Trainee: 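Take this structure, written in structure tokens, and hold onto it; I'll ask about it next.
Computed from a prediction, not measured in an experiment: that's the story for all the values here. Per chain, numbering begins at 1; letters A, B, ... match sequence-line order.
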Amino acid sequence: MLKIISLETPANFSFKYTVGSHGWSDLPPFVLDEETGHLSYVFTDGKSGNSVSARISDGGGKLDIEIPQADFDRDKLIADVRHIFRLDDDLNDFYTAIANSNGLAWVANANAGRLLRSATVFEDLVKTLCTTNCSWALTRKMTLNLVEKIGLPAADGKKAFPTPEALGKVSEDFFRSEIRAGYRSPFFVELAESVAGSRLDPESWLRSELPTAELKKEIKSIKGIGDYAAENLLKLLGRYDGLALDSWLRGQFYKKHNREKVCADKKIEKHYRKFGVWQGLAMWCDMTEKWFDEKV
DNA sequence: GCGTCCAGGTCTACC
DNA sequence: GGTAGACCTGGACGC
């Protein structure tokens, strides 16, 4: 039985700009239908622990969530959707911070700035680890392997992202040979075992009152997570003090603001410092402005 | 088809 | 604190 839940969105919410905000909609268990614009995702049900496949679409002032089954934890599903689409994020301060920057005027006009995230911080952490030191194609392959080979299937066969418990049972050899994680394999094993064994609780970072620098230090204590990965995850936690510089972002900055010449990171940091705690989001929007002409 | 080179971010050892 | 080399995969390239 098909069930549809409608969820009201904030006035300054854009489905298109949230789904296309970065590469996450390209990574399983997200599936973006390029023709219809529908975004699919496989949730973990709060009651049974089973996987629940859902399709989410833009309802104009609301999100329409289609679930192909009747029995599921409605409150958990809604909480997950609110988290994924950042419906409770207040971006008014961000729009104020960039109001006098001509190059970023489009952001508030388009209601952009919400960065899509996964249903759990653990999933975002693992995916971020999959983005380190490799091409996007390899990131996608590792994520696909994790979902297809360890994820729990929903009734329609689509699979959810594996839980920490499921990942914690996987050997380092399996990560190498089946997931193609290479040298990251022992990092995945250690991370999954820490979370499954309750020695590490990534979800608690959402509520953490630690200053960002302290929280970053804690995140960086995880093997395989360096400056870029920690700052990228912090952005998904709603903290934008860091730029999360990687080779792509640096390259885009050189093109747009430095006459295609390489420069030190300090120059990039100086360029965005005026945006204060919003500098990471300001830079990301600045570098991805053209995406929406080309991609969406 | 095979071998070589390179890009990508982090870790460790060393200065 | 800064730097060099290793880690591993996949793509590009030359033969």
Trainee: Between atom NZ in A:Lys216 and atom P in B:dG9, what is the gap in whole Å?
Mentor: 14 Å
Trainee: Please state whether the phosphate of C:dC7, meaning OP1 or OP2, lies under 4.0 angstrom from any side-chain nitrogen or oxygen of A:Arg184.
Mentor: no
Trainee: Specify the separation, in whole Å, of atom CG of A:Leu138 and atom P of B:dT10.
Mentor: 15 Å
Trainee: Could you tell me whether the phosphate oxygens of B:dA7, OP1 or OP2, come under 4.0 Å of any side-chain nitrogen or oxygen in A:Ser135?
Mentor: no
Trainee: Check the pair A:Ser57 / A:Asp64 against side chain to side chain donor-acceptor pair (under 3.5 Å), numbers first and verdict last.
Mentor: CA-CA 5 Å; A:Ser57 53; A:Asp64 291 330; 4.6 Å; no
Trainee: Please give, in whole Å, the distance from B:dC11 C1' to A:Leu129 CG?
Mentor: 13 Å
Trainee: Among A:Val19, A:Asn12, A:Leu87, exactly one meets side chain to side chain contact (heavy atoms under 4.5 Å, CB included) together with A:Arg114. Which residue is that?
Mentor: A:Asn12
Trainee: Please compare A:Arg180 and A:Asn133 by the position of their nearest nucleotide in DNA chain C and report the one closer to 5'.
Mentor: A:Asn133
Trainee: Rounding to a whole Å, what distance do you find between A:Arg140:CZ and C:dT9:P?
Mentor: 20 Å
Trainee: With respect to the phosphate group of B:dT12, does any side-chain polar atom (N or O) of A:Lys223 fall under 4.0 Å of OP1 or OP2?
Mentor: yes
Trainee: Check whether any side-chain N or O of A:Lys141 sits under 4.0 Å from OP1 or OP2 of C:dG10, and answer yes or no.
Mentor: yes
Trainee: Taking the ring of A:Phe15 and the ring of A:Phe85, is the distance between their centroids below 6.0 Å?
Mentor: yes
Trainee: Considering every strand and a 4.0 Å limit on heavy-atom distances, what is the contact class for A:Leu245: base, sugar-phosphate, or nothing?
Mentor: nothing
Trainee: Rounded off to whole Å, could you give me the CH2-to-P distance for the A:Trp136 and B:dG9 pair?
Mentor: 13 Å
Trainee: Indicate yes or no: does A:Lys127 engage A:Glu123 in a salt bridge with an N to O separation below 4.0 Å.
Mentor: yes
Trainee: In a check of ring pair (Phe, Tyr, Trp, His ring centres under 6.0 Å) between A:Trp284 and each of A:Trp291, A:Tyr240, A:Trp278, A:Tyr272, which one passes?
Mentor: A:Trp291
Trainee: Kindly indicate whether the side chain of A:Tyr228 and the base of B:dG8 share any N or O donor-acceptor pair separated by less than 3.5 Å?
Mentor: no
Trainee: Nearest whole Å is fine: how far is B:dT10 P from A:Lys220 NZ?
Mentor: 8 Å
Trainee: Please report, rounded to the nearest Å, how far the C1' atom of B:dT10 is from the CD atom of A:Glu231.
Mentor: 14 Å
Trainee: Could you state the atom-to-atom distance from CG of A:Asp265 to C1' of C:dG1 in whole Å?
Mentor: 15 Å
Trainee: So what does A:Ala229 touch, heavy atoms closer than 4.0 Å: a base, only the sugar-phosphate, or nothing?
Mentor: sugar-phosphate
Trainee: Report the residue (A:Tyr183 or A:Ala137) whose heavy-atom-nearest nucleotide on DNA chain C is the more 5′ of the two.
Mentor: A:Tyr183
Trainee: With a 4.0 Å cutoff (strictly under), does any side-chain N or O of A:Ser247 reach OP1 or OP2 of B:dG9?
Mentor: yes
